[in-house]
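Count residues from 1 along the sequence.
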Amino acid sequence: MGDGDLCEELVADCRMRMATDMFAHTWDAVVLAALAEGALRRRSLRARIGGISDKALTEAVHRLVGNGLVERRFFPQAPPRVDYALTDLGRSFADGPMRALGVWVTEHGDELFEAQERLSAS
């Protein structure tokens with residue numbers, strides 16, 4: 001795969017950077033993992049995650065919807081209902097890179113932790 005396959009003219013426009021930005025926000029991957037088992041209402045999503053503020057959840061959902069990974073589904077009933085669910089793109093991200101990262105950290109997490117400990121001890 002050549003450089004042209006991943007990047008535009010400028011490195012700042014690199015698709016790899018765009019993809020790795022998906023892991024830059026702490027709560028985004030957590031929200032995606034929480035939605036991996038199916039659609040949830042906001043209250044249920046927040047309860048499943050635990051420890052997330054309402055503001056952080058709002059920001060994460062907004063980013064994920066904007067990136068096409070999550071969809072907001074409105075149901076006009078009494079009372080109105082809103083669910084959040086993974087899109088096909090979101091499912092491919094959760095089942096692909098997120099799962100691969102989970103496997104990697106399971107296999108190498110101790111090594112990573114030990115390296116960080118060595119650095120902090122020096």
Apply side chain to side chain donor-acceptor pair (under 3.5 Å) to Glu59 and His62, showing your working.
-> CA-CA 5 Å; Glu59 291 170 353; His62 182 75; over 6 Å; no
Hphob cluster co-occupancy, [X] + [Y], side-chain heavy atoms under 4.5 angstrom:
{"X": "Leu35", "Y": "Phe75", "result": "no"}
{"X": "Leu69", "Y": "Phe74", "result": "yes"}
{"X": "Phe113", "Y": "Trp104", "result": "no"}

In sequence, state the C-alpha distance, the side-chain angles, and the governing distance for Val70 and Thr87, and then conclude on side-chain contact (heavy atoms from CB on, under 4.5 Å).
-> CA-CA 5 Å; Val70 170; Thr87 62; 5.6 Å; no
Spacing of [atom1] belonging to [X] relative to [atom2] belonging to [Y], to within rounding of 0.5 Å:
{"X": "Arg48", "Y": "Arg43", "atom1": "CZ", "atom2": "CZ", "answer": "15.5 Å"}
{"X": "Ser122", "Y": "Glu117", "atom1": "OG", "atom2": "CD", "answer": "11.0 Å"}
{"X": "Arg46", "Y": "Thr58", "atom1": "CZ", "atom2": "OG1", "answer": "8.5 Å"}
{"X": "Phe93", "Y": "Asp88", "atom1": "CZ", "atom2": "CG", "answer": "15.5 Å"}

Within a strict 4.5 Å, meaning less than it, do heavy atoms of the Leu64 and Leu32 side chains meet?
-> yes
With the side chain counted from C-beta on, respond yes when Val82 and Tyr84 share a heavy-atom pair under 4.5 Å apart, and no when they do not.
-> yes
Closest approach of [X] to [Y] (non-hydrogen atoms, all atoms of both residues):
{"X": "Pro80", "Y": "Arg41", "result": "O-NH2, 4.1 Å"}
{"X": "Arg81", "Y": "Gln77", "result": "CB-NE2, 3.6 Å"}
{"X": "Arg42", "Y": "Asp54", "result": "NH2-OD1, 2.8 Å"}
{"X": "Ala56", "Y": "Trp27", "result": "CB-CD1, 3.8 Å"}
{"X": "Arg73", "Y": "Ala39", "result": "NH2-CB, 2.8 Å"}
{"X": "Leu40", "Y": "Ala34", "result": "CD1-O, 3.7 Å"}

Test Ile52 against Val30 for side-chain contact (heavy atoms from CB on, under 4.5 Å), laying out the working first.
-> CA-CA 10 Å; Ile52 188 171; Val30 176; over 6 Å; no
Could you please spell out the steps behind the side-chain contact (heavy atoms from CB on, under 4.5 Å) verdict for Leu45 and Val61?
-> CA-CA 10 Å; Leu45 178 58; Val61 167; 4.2 Å; yes
Do NZ/NE/NH1/NH2 and the carboxylate oxygens of Asp83 and Arg72 come within less than 4.0 Å?
-> no
